[in-house]
Amino acid sequence: MFSIYILTYNEELDIAACIESAMLSDDIIVVDSCSSDRTVEIANRYPIRVVQHAFESHGRQRTWMLESLPPKHEWVYILEADERMTPELFAECEQAITTSKYIGYYVAERVMFMNRWIRYSTQYPRYQMRLFRHGKVWFTDYGHTEREVCEGATSFLKATYPHYTCSKGLSRWIEKHNRYSTDEAKETLYQLENGKVDWRDLFFGKSEVDRRRALKDLSLRLPARPVLRFLYMYFLLGGCLDGRAGMAWCTLQAFYEYLILLKAWEMKYLPTPSLEAPIALSKDSNQESSKEGLGA
């Protein structure tokens, strides 16, 4: 058996289904980032642990969770509210933790969008570190998300999990990616100044994770990134085979890329507005204001 952490923030529409999919485990811990909706109320209906902790970043939230909330079991799985544990994945996790050869396992997601699995334009199989021995894997911040630091050998599971990326509606998706794009813009500027492309990993990386991360480092340095991302996803990866949903998904991702570029330019070239700076009005502007006031 292994423990399951569930990360939440304003997930009242997803949390019940997520918890119920995880009930195969006898130790479930919901770590809520101080939701303002009914997430905690709904989670407390189940025989699980529910803890709130103010969100700082994805990496720090996971680190706090692993350090402050000891699991019942040696092995843990990280699940997010818009994802689901499946019986097939749970069974493979149980089998995987019986070996001492690896300290962690990557699991691939199946992106669900517009009631369809986006099979091609999401770089499937796209792996995330999810199952690991407690105390052997930690997380650091990278852009809007996190990256794992592993103290030992890792491997990959065959079973996958569904990720309902737009389960709370398109408006929520856009609002969330607006926030994400700010973090990605900061990371873009940092990587352009301090990072580099690992060409060996790009072509000969040992795993999909190594190759994908090298490809992202390269993409930060390419011109016309939004256009290139759309062409890459829709034609090269085969997003056109995902139908109408694939077209919508690739368009949204290109828009997201463009938003990152715009914010990166803004951070680099525009001064940060100050509330304390005096507002200087010209003589003509003052006269116009006076006239408008008299006219009122």
Side-chain angles (χ1 to χ4, degrees), residues 1-98 102-107 109 128-141 145-152 154 157 159-165 167-168 172 176:
M1 185 60 68
F2 55 93
S3 301
I4 297 180
Y5 290 104
I6 301 178
L7 293 157
T8 65
Y9 176 68
N10 286 348
E11 302 288 354
E12 63 182 5
L13 297 180
D14 275 318
I15 187 58
C18 181
I19 291 174
E20 289 175 13
S21 75
M23 291 296 285
L24 294 166
S25 171
D26 65 352
D27 185 36
I28 299 173
I29 310 165
V30 168
V31 183
D32 182 73
S33 300
C34 300
S35 294
S36 58
D37 66 359
R38 298 172 57 242
T39 299
V40 172
E41 174 191 338
I42 295 170
N44 277 322
R45 297 174 184 173
Y46 295 88
I48 62 176
R49 285 187 276 171
V50 181
V51 180
Q52 288 190 296
H53 181 257
F55 183 85
E56 296 180 76
S57 66
H58 289 278
R60 291 179 182 178
Q61 189 77 340
R62 283 163 171 74
T63 296
W64 178 87
M65 171 183 78
L66 295 170
E67 290 178 342
S68 306
L69 305 175
K72 177 179 178 181
H73 302 291
E74 181 183 11
W75 285 80
V76 300
Y77 187 99
I78 293 182
L79 191 64
E80 298 192 7
D82 57 358
E83 302 167 352
R84 304 290 180 267
M85 173 62 69
T86 68
E88 296 78 14
L89 175 57
F90 191 89
E92 188 175 359
C93 288
E94 284 187 307
Q95 180 64 32
I97 64 178
T98 60
Y102 302 109
I103 57 91
Y105 292 88
Y106 291 91
V107 187
E109 65 175 349
Q128 307 287 340
M129 171 56 64
R130 290 307 172 95
L131 177 70
F132 53 90
R133 193 186 302 272
H134 186 259
K136 293 296 183 179
V137 176
W138 305 98
F139 294 89
T140 59
D141 292 322
T145 183
E146 75 288 332
R147 283 191 176 178
E148 66 282 352
V149 179
C150 304
E151 300 176 4
T154 59
L157 298 185
T160 61
Y161 62 90
H163 181 189
Y164 297 92
T165 59
S167 58
K168 289 172 280 297
R172 175 72 178 267
K176 182 169 64 174

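Note that this is a predicted model, so its numbers are computed, not measured.
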Study note, to complete from the structure: Between the CE atom in M129 and the CZ atom in R62, the distance rounded to the nearest 0.5 Å is 12.5 Å

Review point. Roughly how far, to the nearest 0.5 Å, is the OG1 atom of T63 from the CD atom of E146?
Key: 9.5 Å

Point to revise | Any side-chain heavy-atom pair of D26 and M1 under 4.5 Å | key: yes

Point to revise | Qualifying residues under side-chain contact (heavy atoms from CB on, under 4.5 Å), relative to R60, sequence neighbours excluded | key: E56, S57, D141

Practice item. Show the numbers, then the answer: is there a salt bridge (Lys or Arg N to Asp or Glu O under 4.0 Å) between E12 and R45? Key: CA-CA 12 Å; E12 63 182 5; R45 297 174 184 173; over 6 Å; no

Exercise for review: Apply side-chain contact (heavy atoms from CB on, under 4.5 Å) to H134 and E74, showing your working.
Suggested key: CA-CA 6 Å; H134 186 259; E74 181 183 11; 5.8 Å; no

Practice item. Indicate yes or no for a side-chain donor-acceptor contact from R147 to the backbone of T140 under 3.5 Å, with no hydrogens or angles considered. Key: no

**Study point:** Within-4.5 Å side-chain heavy-atom neighbours: V149 and V137
**Key:** no

Exercise for review: May I ask you to check whether D37 and T39 show a side-chain donor-acceptor distance below 3.5 Å?
Suggested key: yes

Study note, to complete from the structure: In this structure, OG1 of T165 is separated from CD of E83 (nearest 0.5 Å) by 10.5 Å

**Study point:** Spatial distance of atom CG (L66) from atom NZ (K136) [nearest 0.5 Å]
**Key:** 14.0 Å

Practice item. May I ask you to test the C150-I103 pair for a side-chain heavy-atom distance under 4.5 Å? Key: yes

Review point. Under a 4.5 Å cut-off applied to non-hydrogen side-chain atoms, are I78 and F139 in contact?
Key: yes

Exercise for review: Step by step, work out the side-chain contact (heavy atoms from CB on, under 4.5 Å) result for L69 and V51.
Suggested key: CA-CA 9 Å; L69 305 175; V51 180; 3.9 Å; yes

Exercise for review: Determine whether the side chains of Q61 and Y9 contain a donor N or O and an acceptor N or O closer than 3.5 Å.
Suggested key: no

Point to revise | Between D32 and T8: side-chain donor-acceptor atoms closer than 3.5 Å | key: yes

Point to revise | Point-to-point distance, once rounded to the nearest 0.5 Å, from CD1 of I48 to OG of S25 | key: 10.5 Å

Exercise for review: Report the C-alpha distance between S35 and E11 in whole Å, list the side-chain angles of each, state the deciding distance to 0.1 Å, and finish with yes or no for side-chain contact (heavy atoms from CB on, under 4.5 Å).
Suggested key: CA-CA 8 Å; S35 294; E11 302 288 354; 5.8 Å; no

Check your understanding: So do the side chains of S3 and I28 get within less than 4.5 Å of each other, counting heavy atoms only?
Key -> no

Exercise for review: Over all heavy atoms of both residues, which pair between L79 and A22 is shortest? Give the atoms and the distance, please.
Suggested key: CD2-CB, 4.2 Å

Exercise for review: Write down the atom of I15, the atom of V30, and the distance for their closest heavy-atom approach.
Suggested key: CD1-CG2, 4.5 Å

Check your understanding: What heavy-atom pair brings A81 and C18 nearest, and what distance separates the two atoms?
Key -> O-CB, 3.5 Å

Practice item. Kindly indicate, with the supporting measurements, whether the criterion side-chain contact (heavy atoms from CB on, under 4.5 Å) is fulfilled by F132 and W138. Key: CA-CA 10 Å; F132 53 90; W138 305 98; over 6 Å; no

**Study point:** Of R49, H73, K72, the residue whose pairing with D27 passes side chain to side chain donor-acceptor pair (under 3.5 Å)
**Key:** R49

Practice item. Kindly compute the distance separating CD (Q52) from SG (C34), expressed to the nearest 0.5 Å. Key: 5.0 Å

Point to revise | Ring geometry between Y161 and H163 (parallel below 30°, tilted from 30 to 60°, perpendicular above 60°) | key: tilted

Revision key, fill the gap. Here the pair of heavy atoms bringing N10 nearest to S36 is OD1-N, 2.7 Å

Review point. Are any non-hydrogen side-chain atoms of E80 and Q128 less than 4.5 angstrom apart?
Key: no

Check your understanding: Where is the tightest heavy-atom contact between P87 and L24, given as atom of each residue plus distance?
Key -> CA-CD1, 4.0 Å

Show me the donor-acceptor pairs within less than 3.5 Å that the side chains of residues 88-98 make with the rest of the protein, sequence neighbours left out.
{"unit_1": "E92", "atom_1": "OE1", "unit_2": "K158", "atom_2": "N", "d": "3.3"}
{"unit_1": "E92", "atom_1": "OE1", "unit_2": "A159", "atom_2": "N", "d": "2.7"}
{"unit_1": "E92", "atom_1": "OE2", "unit_2": "K158", "atom_2": "N", "d": "2.8"}
{"unit_1": "T98", "atom_1": "OG1", "unit_2": "Q95", "atom_2": "O", "d": "2.6"}

Point to revise | Worked check of salt bridge (Lys or Arg N to Asp or Glu O under 4.0 Å) between R84 and D14 | key: CA-CA 10 Å; R84 304 290 180 267; D14 275 318; 3.0 Å; yes

Practice item. Would you name the heavy atoms of V107 and L157 that are closest together and state the gap between them? Key: CG2-CD1, 3.8 Å

Check your understanding: Any idea how F2 and Y77 line up, ring-wise: parallel (<30°), tilted (30 to 60°), or perpendicular (>60°)?
Key -> tilted

